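Taking it in order: structure first as C-alpha cells, then the write-up.
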Amino acid sequence: MIIDTHCHLDFKDFDADRDQVIERAIKAGVSKIINVSSSLDGARRSVALAKAHEMIYAAVGVHPHDAETVTDGVIAELKALAKGKKVVAIGEVGLDYYRNLSPREAQVSAFRKFMHLARDLSLPLILHVREAEDDALKILREESSGGVRGVMHCFSGSADFMKECLDLGLYVSFTANITFKKADSLRLVAREAVPERLLLETDAPFLAPQALRGQRNEPAYLTHLVGEWSRLLDLSKEDIARITTHNANTLFALGLGEPSKIAYEIRGSLYLNITNRCTNTCSFCVRNQTSFVRGHNLRLDKEPSVDDIMKAIDPEKKYREFVFCGYGEPTLRLDMVKAVAARLKERGAKVRMVTNGHGDLINSRKIAGELAGLIDKVSVSLNTDTKDLYNRYCKPEFGADTYEGIKSFIKDCVAAGIEAEVTCLDLAGVDFKKCEAIAKSLGAGFRARSIGTVG
Ligand code: SF4
C-alpha cells in the first residue's frame, strides 16, 4: 500500500481515461491519492473528484504562478470548500521565482494569506518553492509560532535547505526526478532524507520516471519512486511503502488504522516486540516522542503470550534474523524470551536480543548461561563511556552501580559463547573512542549510534 500525496488528476490530460488511470493506480498498490489544486477552478474539481472516488482526497489552493488571482473573495471560496469532507490540506501554494509568472509581491502576499488560511482551518500546507528558498523560509518562520505542519513538495533544493525544512517540522517529498539519468546531485541530497519525514508523490501528469520519460505520468508509476528510495536509503520497498504511508496518514489525518505490532520486519530482519516496560528512563528514549518505529506501531495494548508471538510470525517466510527488540527491555520477560528463542532455534534461525543489559539485576541472578544456545548475539545499549554520564542520561532504577552490572553481563555473555556488541550514542560528552576501548576490553564489538536514528 502506497499513497500518492500529490497529483493533478483533475487536469485535462486525464479527461479521456481518468477512470482507467485510477483503476491502474489501485492495481499498482496505490491506496490513496491526494489531488492537489492549482487554481480555484481546480479546487472545485479536486473536491468533486474526492466526492466521486473513495480513495481520492483533495487539497485546495492556488499555485504561485497564479498568485495575482488570489483576492479575498477567492480565499473565502477556498475556505468554504476546505470545510467540506475529505479536504486534507491547503495547496499547492508558495513561491516560484524560477518562472516568475506572477509578480513577487503578489506571490508573497498570496503565500501569507494561505498560511493564515491553513492555520485557521488547522490544515497542513502543501508547499511549492522554486528558487525562492530564503524568502520562503523567512515567511514560514514569520507566519508560524514554532513549527509548520506541511510538506515541501517536489523537493529540488540543497541539503542545507532540506535541513531547514526538517528543522521547521516539515516533511519533504521528491518526485520521480530522482530517477532521472542526470540527477546525480539531487540523488546525493536525497540520500540525506530522513525516512520518518518522507512522503511519496508523482506530481502527475508531470515528471514521469526515467523508464517512461516523455510520457504522461500517472499515480500507478509511483512504484518506480519506491524502488529508487529503496536503493537510496538502503531500506526494502516494503519499508519505504509502510513508512511513507504512516507519514502521509499522520500529516493528512487520513484515518488509516495502524494497529500495534508484535512482530515487524525491517531490512529482512523480524523484530519481536514483547514488552514496553523498561528499567531505565532515558531522556532520549524514542518512546517519549512516538509510538512508531520505521512506520510500525510498537505501543502494545497488552504484553503478548508465547502463542501470540508465534502466531505473529509468518511460518513460511525466511528472515535474516529474529531480534527481540528494544522498545522495552526483553529480559523483564526472560522466561518468554527463552521459550520463544527455543521455538525459533528449532527452525534453525539466528536470534539476537537488543537489551539495556540489566538482565542480571532484573532477574537477581546471572543469566548469560541461560541464554547460551538460545541467543546468538546481544546488542547491549551501554550508551556512554562513563558511569556518571550513564546515570545522568538513563536514570536506571537499579541505582548508581548499574553501569558496572551491564559491563559484567556483557563479559558473561562473551564467556558463554554469545557474540556481544556494545552500542553507544552521540550524546553530549560521550567519547566514542573510549566506548570502543571499553567494548574491546569486554571482548565485544562496538557500534556507534546516532540518537536521531532508530530501527
Ligand atoms: S533503555 Fe531503551 S527502551 Fe529503555 S528507556 Fe532507555 S532508550 Fe528507552
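Both counts, for ligands and for their atoms, begin at 1 and track the order of listing. A quick note: this is a predicted structure, and the numbers were derived from the prediction, not measured.
By the side-chain hydrogen bond (donor to acceptor under 3.5 Å, both in side chains) test, K86 pairs with no residue at all, sequence neighbours left out. Remark: H128 pairs with H63, H153 by the ring-ring contact (aromatic ring centres under 6.0 Å, His included) rule, at least two apart or across chains. Looking at residues two or more places apart in sequence or on another chain, you find a ring-ring contact (aromatic ring centres under 6.0 Å, His included) between F161 and F155.
Considering V354, N356, I406 as possible partners of V380, the one that fulfils the side chain to side chain contact (heavy atoms under 4.5 Å, CB included) test is I406.
Only protein N, O or S atoms were considered, and those under 2.8 Å from atom 6 (Fe) of ligand 1 are C282 SG.
Distances from ligand 1 to the non-hydrogen atoms of E329 include no value under 4.0 Å.
Atom CG of N363 has more than 12 neighbouring heavy atoms from other residues, nucleotides or ligands inside a 6.0 Å radius. Under a cut-off of 6.0 angstrom, the local environment of NZ in K138 is sparse, with at most 12 non-hydrogen atoms contributed by other residues, nucleotides or ligands.
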